[in-house]
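This report concerns only the one structure given below.
Note that these values count all heavy atoms, side chains included, but never hydrogens, waters or copies made by symmetry. Naming convention: chains lettered A, B, ... in sequence-line order (proteins, then strands); numbering from 1 in each chain.
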Protein chains: 2
Amino acid sequence: MARPTVNDIAKAAGVSLATVDRVLNARPGVREKTVARVNSAIEQLGYVRDVTAANLARQRRYRLVFVLPDMPALFVRTLRDAINEAIANSVTERTDVRILTFPNDNPHALVRSLRELGADDTDGVAIFAPETPHLRDAIVRLKAEGIPVVALVSDLPNTERDHFIGVDNVAAGRTAGFLMGKFLGNTGGSVMVLVSSMQARDNVERRLGFDQVMAESFPEIEVLPSLENHDNEDLTARVVTAVLAERGDINGIYSVGHGSHALVDLLRGYGRRSNITVIGHELTDVTRDALRDNLMDAVISQNVGHIVRSALRVLRAKSDGLDIVQSQERIRIEIVVRENLV
Amino acid sequence: MARPTVNDIAKAAGVSLATVDRVLNARPGVREKTVARVNSAIEQLGYVRDVTAANLARQRRYRLVFVLPDMPALFVRTLRDAINEAIANSVTERTDVRILTFPNDNPHALVRSLRELGADDTDGVAIFAPETPHLRDAIVRLKAEGIPVVALVSDLPNTERDHFIGVDNVAAGRTAGFLMGKFLGNTGGSVMVLVSSMQARDNVERRLGFDQVMAESFPEIEVLPSLENHDNEDLTARVVTAVLAERGDINGIYSVGHGSHALVDLLRGYGRRSNITVIGHELTDVTRDALRDNLMDAVISQNVGHIVRSALRVLRAKSDGLDIVQSQERIRIEIVVRENLV
DNA sequence: TTGTAGGCGTTATCAC
DNA sequence: GTGATAACGCCTACAA
């Protein structure tokens, strides 16, 4: 039998469509008694609103905004590409997507962009940015205007964001550590740790998880202190070369950040004659090639396509005050090796 | 500016709504000249039909069917659970889902079930079953009736199925082999291969991929012939125990099928005192616990939730003659270890 | 061969 | 407070 409609509840409750609608959308101007009557009819018939019909009637468009840093790291470009692909496919989903870019070294510019957004022109915001007090304030304001906000890739735990879409970076680091330990076996040796910057919370969390697992499960392997390379190729080359020369026992490199470009370039120069296990994060053109060419052994990643689609679904749902399907929105920590590329 | 509607094309082409509709849906009774005029208006305005409005108007429901074997293997139950979860969440998607079960040793029963389905009561079928001549015929008939058919998990390459939703099992086997080789390191030794049955095409393909990689990249490791255990616990225990006793050099076990239950039970008895690397397929309650308890080292898997949702999307799209978003429908070969569980 | 009118389930603008 | 009534974008009798 067919789903009950507003007409059915109207009949059942002995009121008109308009009244049912008022109750459904919690609009004022209905006696409490009537509200109760309508609600019980809704209960009894098991009514669930047809969102597509509602959206048609109100000519709804979801105006969503992605906020991204203007970083050189390939991962950000990968994310941007995924967003653009989603845009291309969203014509059919009543969704208008804008991308706002901010200079990644300038949190004020970010906040300034965010200030432009109001409930009159945006229905949801997805933010990929480091947490700062200014950003916290900006989010407070967005929420005060009733605009849903989700954190992307890097969580903003001390803000009022509605949802975080990304992976647990401690677990991602633990996964990297587990693979490093298993790949090295019980041969001892030591692992060099490369990181773009220890400012970013994701990097810190990954390093933490990595160290946990190495200490717990592979104590015979020594993990060296982090080397910050700021995504600089020359610096990377110099530092890595120096450390490799200095210590003869290095058999693993862990690249914590999402910019393994410099490292991969260097390794490509070596031609992998060194028998070093290399593990990094985020699947990009660079790391994909590196896996294929045996320059890297594993990449811990998160599916950007999934992240973007999840952000869109979650923001639309929040904007409608609807529930989300948890299992569908969980972003998995993916392990990518040579053989399961794509 | 707003998306053009049928009204806009009607105006632009100087015809009525009904004519536009006839052209859009390729219905007969329109002069070629008129068709051309309407089509060029559609082109010019960049019209793209609002599927939700169309579905509302025609009170469209997608009546989809999943066909599954009645197997004891936990993987099938996992898949079934995922379908039921999807059903629970599909109220809002104009989709009615039925599950048809057939005794897995009886392909005739499968074909008989399929015969019941007609264009009058089903809009799409997703089939998880081994390919047989009878099944091929049944699919020919479904397609002849205009019913979209997708293969689930295990491809049906020699049939007219519209789409395959699942992973490349050769690549899955290669991935297992890669991890086995990396985990064992260059210690030599030999790997025992357990398989429920070599009848199933997926098992054969995985074994093939596994052997490829082992031969190419880890020639120092010996891979033993497949032991068929037919998911039987007693048999597994006897065989595995015997082989382990007979050959002292076994340091790896590869469980090819999707029923690692018997093996895990046995290993649990051993308490993992044996230093054997164990790799299997499909994440289920059993393999999840085994990873957590260090009884297994890695599980190669495919996300059943994703598979089911993909099947629904693809069948709906095919049913409407729409394109699918390839990148969204590609099922990934997932590697699951202790640290990236869930 | 083409057009008119009404309806799909919901919302919104009026009156009463 | 409440109820007709007309949209939204599309489809489908039924007329013409």
Side-chain angles (χ1 to χ4, degrees), chain A residues 1-39 41-42 45-62 91-95 123 316 319-322, chain B residues 1-39 41-42 45-62 91-96 123 319-322:
Chain A
M1 54 182 193
R3 261 169 74 175
T5 74
V6 273
N7 275 295
D8 299 325
I9 357 184
K11 237 165 274 169
V15 295
S16 80
L17 254 46
T19 301
V20 174
D21 186 68
R22 282 189 264 264
V23 175
L24 277 176
N25 295 294
R27 272 189 283 265
V30 186
R31 264 191 311 187
E32 280 205 20
K33 250 187 86 173
T34 319
V35 174
R37 201 140 43 92
V38 173
N39 274 328
I42 291 179
L45 300 187
Y47 170 82
V48 20
R49 168 216 245 100
D50 182 334
V51 186
T52 63
N55 284 345
L56 177 60
R58 57 163 71 135
Q59 300 198 86
R60 184 100 162 76
R61 307 270 324 160
Y62 298 90
V91 199
T92 174
E93 286 163 324
R94 302 178 175 282
T95 304
D123 300 305
R316 279 194 293 251
S319 170
D320 287 340
L322 260 42
Chain B
M1 58 182 193
R3 264 170 70 176
T5 74
V6 273
N7 273 294
D8 298 325
I9 0 185
K11 236 166 277 171
V15 297
S16 78
L17 256 45
T19 302
V20 174
D21 186 75
R22 284 188 263 262
V23 174
L24 277 176
N25 296 294
R27 272 188 282 265
V30 187
R31 261 190 314 183
E32 279 204 21
K33 252 188 86 173
T34 319
V35 173
R37 202 140 41 91
V38 172
N39 274 327
I42 291 178
L45 300 187
Y47 169 83
V48 18
R49 169 216 244 101
D50 182 335
V51 186
T52 64
N55 284 345
L56 176 61
R58 55 165 69 140
Q59 301 196 88
R60 184 95 159 79
R61 308 270 324 160
Y62 298 90
V91 201
T92 174
E93 286 164 321
R94 300 178 176 282
T95 305
D96 301 317
D123 299 305
S319 170
D320 287 339
L322 260 42

Between C1' of D/dG9 and CZ of B/R3, the distance in whole Å: 9 Å
5'-most by nearest nucleotide on DNA chain C - A/Y47 or B/T34: B/T34
Boundaries of the DNA chain C segment in contact with chain B, non-hydrogen, under 4.0 Å: C/dT1 to C/dG9
Distance test, side-chain N/O of B/R58 to OP1/OP2 of D/dC10, below 4.0 Å: no
Side chains of B/T34 and B/R22, donor plus acceptor under 3.5 Å: no
Touch class at under 4.0 angstrom, heavy-atom based, for A/V6 against every strand present: base
Those residues of residues 18-27 of chain A lying under 4.0 Å from DNA chain C by at least one heavy atom: A/A18, A/D21, A/N25, A/R27
B/T5 side chain reached by B/D8 side chain, heavy atoms, under 4.5 Å: yes
Chi angles and distances behind the salt bridge (charged side-chain N to carboxylate O under 4.0 Å, His left out) call for B/D21, B/R27: CA-CA 8 Å; B/D21 186 75; B/R27 272 188 282 265; 2.2 Å; yes
Heavy-atom side-chain contact between A/N39 and A/I42 under 4.5 Å: yes
pair A/T19-A/V30: side-chain heavy atoms closer than 4.5 Å: yes
Salt bridge A/R94-B/D50, side-chain N to carboxylate O under 4.0 Å: yes
Distance, rounded to the nearest Å, where B/N7 contributes CG and D/dC10 contributes C1': 9 Å
Sugar-phosphate, base or nothing in reach of A/V51, heavy atoms under 4.0 Å: nothing
Protein-nucleotide distance (A/R60, atom CZ; D/dA7, atom C1'), rounded to Å: 18 Å
Minimum side-chain heavy-atom gap B/R49-B/N25 below 4.5 Å: yes
Result of checking B/V6, B/V15, B/I9, B/V38 against B/V23 for side chain to side chain contact (heavy atoms under 4.5 Å, CB included): B/V38
Whole-Å gap separating C1' (D/dC8) and CZ (B/R49): 17 Å
Interatomic distance, B/L45 CG vs D/dG9 P [rounded to whole Å]: 14 Å
Nucleotide D/dC8, atom P - distance to CZ of A/R61 in whole Å: 15 Å
Pairwise 5' ranking along DNA chain C for B/Q59 and B/S16, keeping only the more 5' one: B/S16
Check: B/V51 and B/R60 side chains under 4.5 Å, non-hydrogen atoms: no
